[in-house]
Structure formats: structure tokens, C-alpha cells
There are 2 protein chains.
Amino acid sequence: MLDERKFMILRAIIDDYILTAMPVGSRTISRKQGVGFSPATIRNEMSDLEELGYLAQPHTSAGRVPSDKAYRLYVDSLLKRDELTEDEKLRISDYISRRAGQVEDVIRAAADILADETQYTSVIVAPRIQTLRIKRVQLVPVDEGTALMIVVTGAGIIKDALLSVPSDMSAENLYRLSEMLTNELGGHSLSEVRQIFAGVFRNLSINRRLLGGVLKVMEEKLTEDAPEDVVIGGTTKLLNYPEYSDIEKAKNFLSVFESKDRLAGLLKKAGGMEISIRIGTENEIEQLKDCSLVTATYRVGQHGRGTLGIIGPTRMDYHRVVTIMQYMGGVISKLLSGENYEE
Amino acid sequence: MLDERKFMILRAIIDDYILTAMPVGSRTISRKQGVGFSPATIRNEMSDLEELGYLAQPHTSAGRVPSDKAYRLYVDSLLKRDELTEDEKLRISDYISRRAGQVEDVIRAAADILADETQYTSVIVAPRIQTLRIKRVQLVPVDEGTALMIVVTGAGIIKDALLSVPSDMSAENLYRLSEMLTNELGGHSLSEVRQIFAGVFRNLSINRRLLGGVLKVMEEKLTEDAPEDVVIGGTTKLLNYPEYSDIEKAKNFLSVFESKDRLAGLLKKAGGMEISIRIGTENEIEQLKDCSLVTATYRVGQHGRGTLGIIGPTRMDYHRVVTIMQYMGGVISKLLSGENYEE
DNA sequence: ATTAGCACTCGACAGGTGAGAGTGCTAACG
DNA sequence: CGTTAGCACTCTCACCTGTCGAGTGCTAAT
């Protein structure tokens, strides 16, 4: 429905607007390399594009500004994916790998470098621990009557909690109990723990009365719903963009990050798509109506998955963001799935 | 050097300015309850106070604004400490206790409620783990050739790291090694680990080569300088105050929180004082020259200590802040030192 | 010593003006 | 017939101006 030339002009407008954040006039476009038309011609086309809903005028006789619809078209059909330079790739993967170790450290590092590279605010949702496979369960004595329960996967600790245990329980006993639990639960995910426990109770060969209480508490701790683990990087990056030079808007925007749960929900709406872009009002959240949200998915092992995203103004540099996110998704997946824990 | 009346007037001015953030005029003070003087008299006194460096005028014929020096006098001699209401006490201690468990959870909760109650930005430095007494060291097998090392103190996990171990090392052996390490290191602080290791190496009765590697990694992991663990709450609270309605100032302020290390250094300068207040330029950090920093110390067990602080405009409500901080210092100390891990 | 009175200063605000950027329309051109 | 030059028009923004009010400092009276 849009002919070649309109496409070209629209693209030029968006490119310019992304760069300058100022309404784009016909002359600006006409002067561009590769555009062989006079301002008047461009004006006619722009007028058409406005009628079609791709452009908007803040007021008569300002230039024009792309609408959400325009950005949508832009990312759907005009977006070319670049490759990152070797330099950039190295910078990113180095930064993240250097802190490899605990899942949380990786996520934290990833959020930081993502925000730094894109200059937008980054958000990463940690993999739902419920889906990870348990490797070991270990009880460690802490005090008379207190033990620390630790659940381990290939990626490190995923859950730990303090329990009270019968005070006459020896370290030896705790160790044996750990072995038993590891046998029972190893290889399963947290979400399956509850069913398994039913079985464990039945087969109890050890002193049932002594252990009953402990097991119950453990079951609770293991199955309780962990709050969504969301890491945010570069919260204040947005303040560098002119569209947020107004304090009210800035506050409004920042308020989105107060509720991590809502944020996690938002990110996860993207579903399993490799890259998802939601522009302006597509976000359904009032405060983000002038923002775009780009999300990507990463994997942890066979079953775990998490989401990384960046939030920026609708006039964001989609090329760059998409390219970076794609690369980072890969890096994170590899780090968190691989068993590379030499260091 | 300041007579009774000047004191009184200065105090009235500060009180008013804290409330309104607007330069205070002579009439405003004169109209106040308990001030029996005409504006003219007040003006004379204010003029004196200005000469003495306690007040400043943004421009002729605006009212006057208290200087850092005035705030200093205010907190040193005019500050009366209130008690919190039972209601507030309960709200605070409840909020924090509810998440008791891991040190980090407590700190996180404390930072949140502190920011909420004061409406300023809160910062809490976690206790230096170096000074905590080790309770146990536990090695947990994760994979062929990989183990997770967990160091436990009375307050829960404080450090964990993945190590590679000889791939023929059994769970049984790891367990025995854990016992040995616990014996050697238990009761000592992390900062002493390095010396102890020297001794351990000498007494090694088990396969020396096998253990050598493990110990080396452990030493590294245990003694490496952990980055300061700093938790920040209510970062954007400051945006609600008129002095930060300018984006540039806001950005400037927020940049302080980018480097947690510097922030930690700043907080710790307060030293061991129970409550320390640094006003405006006393902070030595350019970006905080319009801010005050109130810090308090909390204790963890015998030797651990950490700092909690809030950062707000110099015209902050010192009464309230000090009162809250004092109370919270107590609550945190009790929670992190006490051995109350029933639940 | 205190206060009333008054002239003075300065910022905030409203209204007015001109420049500049950009538009839409029309008529001319290849 | 598509393209373009020209032009009148619109709207914002920056700047200037005058007025108003808050607050001061000084002086003289109490």
C-alpha cells in the first residue's frame, strides 16, 4: 500500500528523528544524500503519510514526527540486522564472563553491560528457579538446633534457608539426611518437589517423629513462591534523552521500576519469541506509552529460560538494540547452560 | 556568641525553610506563634545572622536561606530527639523482621523501609564479611570435578563459590575435607584465613597435592576483596523535592549512586560514631554539596559492623531522620546478631 | 531597644513583537 | 502528469518590556 518512494521517505524521517528527537521538516529530508526530490515533493508525500497515520504534526508548521504505526512498519520491514564489530562482541562477552560463577552475578553483569552498550535502561528476569534441575540438597549445621539448607544446581546455589532441627541432631546425621534428600530430589525440578515429598514421607525408615517436622518445613521452604528475580541496569540512562527532560515525565517513567513483579510480567508477555519489540501503546502500560520495549529470551540448561529487555523512547535505535540483544542472549545462554566452571 | 533571641529566630527560619523550601522573609517569622517581635526587628537580627554566616540571600529582596553553618548549629544544639510512636516502631520492625533470614534480605528490607519512612534515599552498607567469625566451611559436590564451597557464619551464608576439585574426589571425601576445614577455620574471621592456611599446609596428612589446589582457590576466594556490598533504597525519592526539579541537578545527584564503592567509602567515613551528620560541603563530594548525609552504625555479633545512611537535601527533617535511624540501627543490630532463627 | 514608615531592589509574570522554520497551495515547467 | 519554485500563512520561540509583590535596609519616632 505504500509505494517505494513513500517507504524511502518514511525511513529517512524515522532515521533522522531517532537521531535528533526533533520534528523533521521537508527540507531536511530533501537535502539528504540519495533523495533526489525537492522539499515540495517531499511535502506532498509527507502529507499523504500523515493521512495514512504514519506521521503526526505536533502543530502546524513544525516538522513531522513518526507515529507508533510508523515505528511498527519500520521494525517489521525496514529493519536490517547488523553484525556487531569484533570489538563490541569482545567487550560484552568479556565483561559478563569475567564475573561468571553464580547465576545472579552473571545476570547483574549482563544488565550493567546491556545498559551501558545501548544507553537505555535494561531489565533482566532471572530464570525461574522452579524449572531448574536440582543437583544436590545439602544441610549444613550452623548452631545448636539450626541448620542451613542449600539447594544446588549446575549453576550454583538456587535456594537456601535456615531451618531449626532437633537439637540432638549430629552433623553426621545431617550429612546422611542430605544424601537421602539428594537421592530423592536430584534430577528433578523444584516444581516437582511437592509430589516427591509425599513419597518420601511414606518410605521414611529413619525416626519418623524426629524428622517429620523438619521435612515439613523443608517442603515449605522448597515450594514457596520466590518473588520474581528482576535485575535492572542503568535506571537513570533515560534522563539523558530530551523527551525526559521534564521531571514529571521522568518520575512517571521511573515509577515503572518500583514494582518488580509487574515489570517481570511485562517482560514475559513477550512469550517465547526470540526477539520481541513492543512500541509505545502496544505496551498496555500507561507510563510506557512513549516507550518501546525490546525483549529477548535466553535459555538455561534444558528447561530454564529468562528474559532480557531494554526500555527506551520509541525513537530508539532499533538496529543497534536488536543486534546487541541478540548477541547477548546467546552469551548468557551459553554461560548459564554450559558447565564451564574451571576458574 | 549567639544570644537567646538570635538562636530562636535562626531556629524558626530553619524550621520554616525545611518545611517550605522557600526563602524565609521577616514577616513570616514575625507572624509565628511565640515570636513577639515586629518584622523590622527580625530583619535586624537576620541581617546580623547573615553577617555571621548563618544565613544567605539568593538575591536582594528574596527572603533568607540557612547556610550549612546554620544547619550545623541546628543539629548540634537545637536538635531535640523525639521518640517514635509505637505505631511507627511496629511498622518498621515488622517490615524488617518479616524477611529475617539471610543477611542480605534484612539489609534489603531495611533499606526499603528506611527510604519509605524518611522519604529520602537510603543507603546501607552490609557488614564487612572479613570481620565475621566463621562457623562452618562446607564443600558440596555439584558435578564431576566441581564443588560448591559455602562459608557459614551465625548470620547465614556469607560467601559461596564454585571450585574445581580433582575429578576422582568422592562426596565422602569432600565431606571429610569440610570437617577438617571447619575445625581449622571455625571461630576465626575471614581476615585471618590467610595465616591459618599457611599452618594447614604444613600439617596436611591427606594427599597434599590434591588438597593444595583446593586450598589455593579457597584462599583466593575467601580473601579476595569482595566489592563493598551496598544496598540502595528509594533512589528516586529525591525527585519529589523542589530543589531537584531541575533535571541536571537530579542527574548530578543520581550519578553519586553509580559507584557503590565510592558510596561505601563515603558512608564509612563516619567512623564508629553512633550517629553522624554531615551537611552540604562537609561531604567533600562535589555532587553532594547541597545534600546532607546522616549515618548510623549497626553491629553484627561481636565484631561485625555496618553502616546505614540516608541522603537528602540539606534542609532535611533532621529530627525525624535521626530518630528513625537510631531506632533502625538497633533493630538491625538485634536481628543480625541475635540467634533467633526459629521460623 | 524596638518599631513604623518608606524608598528601593529584584524576580516572576503577562503581554507584545519579530525571526525562523515549516507548511499548504498554486501556478509554471519539462 | 509528476515535479518544482514561489509565496502567503501559521505557529513557536526567544526576547523585550512594564507591572506587581515580596522583601529588604535605612531612618526617624516611640
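Only heavy atoms go into these numbers, but all of them, side chains included; no hydrogens, no water, no symmetry mates. A, B, ... follow the sequence lines: proteins, then strands. Residue 1 opens every chain.
Here A:Ser26 does not reach the OP1 or OP2 of C:dG22: none of its side-chain N or O atoms lies under 4.0 Å away.
The nearest whole Å value for the distance from the CZ atom in B:Arg43 to the C1' atom in C:dC8 is 12 Å. In this structure, B:Asn44 places its CG atom 10 Å from P of C:dT3, rounding to the nearest Å. B:Arg64 places its CZ atom 14 Å from the P atom of C:dC10, with the value rounded to the nearest Å. Between B:Ile42 atom CD1 and C:dT2 atom C1' there is a gap of 11 Å when expressed in whole angstrom units. One interatomic measurement links the two molecules: CG of A:Leu55 to C1' of C:dG22, which rounds to 14 Å at whole-angstrom precision.
In this structure, A:Arg278 has no salt bridge (charged side-chain N to carboxylate O under 4.0 Å, His left out) partners at least two apart in sequence or on a different chain. For B:Arg91, the salt bridge (charged side-chain N to carboxylate O under 4.0 Å, His left out) partners at least two apart in sequence or on another chain are B:Glu117.
Heavy atoms of A:Arg27 sit nowhere under 4.0 angstrom from any nucleic acid atom. Contacts of A:Thr41 with the nucleic acid, taken as non-hydrogen atoms under 4.0 Å apart, include base atoms. In this structure, A:Ala62 reaches the sugar-phosphate backbone alone: every heavy-atom distance under 4.0 Å involves primed, P, OP1 or OP2 atoms, never a base.
The pair A:Arg108-A:Asp112 meets the salt-bridge criterion, since a charged nitrogen lies less than 4.0 angstrom from a carboxylate oxygen.
Consecutive Watson-Crick or G-U pairs involving DNA chain C, each under 3.5 Å on both distances, make up stems of three or more pairs at C:1-30 with D:1-30.
B:Thr314 places no side-chain N or O within donor-acceptor distance of the main-chain N or O of B:Cys291, the cut-off being under 3.5 Å. Between the side chain of B:Lys69 and the main chain of B:Leu52, a donor-acceptor pair closer than 3.5 Å is present.
Each of B:His59 and A:Thr60 has a nearest nucleotide on DNA chain C; the 5'-most of these lies closest to B:His59. Where A:Met46 and B:Arg5 meet DNA chain C, the nucleotide closest to each residue was compared, and B:Arg5 sits on the side nearer the 5' end.
Rounded to the nearest 0.5 Å, atoms OG1 (A:Thr118) and CG (A:Asp317) are 9.5 Å apart.
Using a 4.0 Å cutoff to heavy atoms of chain B, the contacted part of DNA chain D runs 5' to 3' from D:dA22 to D:dG25.
For the side-chain contact (heavy atoms from CB on, under 4.5 Å) with B:Phe253, the qualifying choice from B:Thr235, B:Asp290, B:Leu288 is B:Leu288, the only one to do so.
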Let me check something: any side-chain donor-acceptor pairs from residues 15-25 of chain A under 3.5 Å, sequence neighbours excluded? List them with distances.
from: A:Asp15; atom 1: OD1; to: A:Tyr74; atom 2: OH; distance (Å): 2.8
from: A:Thr20; atom 1: OG1; to: A:Asp16; atom 2: O; distance (Å): 3.1
from: A:Thr20; atom 1: OG1; to: A:Met22; atom 2: N; distance (Å): 3.1

Quick one: side chains of residues 238-245 of chain A, donor-acceptor pairs under 3.5 Å with protein atoms, not counting sequence neighbours, listed by atom name and distance.
from: A:Asn240; atom 1: OD1; to: B:Lys251; atom 2: NZ; distance (Å): 3.2
from: A:Asn240; atom 1: ND2; to: A:Lys237; atom 2: O; distance (Å): 3.3
from: A:Tyr241; atom 1: OH; to: A:Gln119; atom 2: O; distance (Å): 2.7
from: A:Glu243; atom 1: OE1; to: A:Arg315; atom 2: NE; distance (Å): 3.2
from: A:Glu243; atom 1: OE1; to: A:Arg315; atom 2: NH2; distance (Å): 3.1
from: A:Glu243; atom 1: OE2; to: A:Arg315; atom 2: NE; distance (Å): 2.7
from: A:Ser245; atom 1: OG; to: A:Pro242; atom 2: O; distance (Å): 2.9

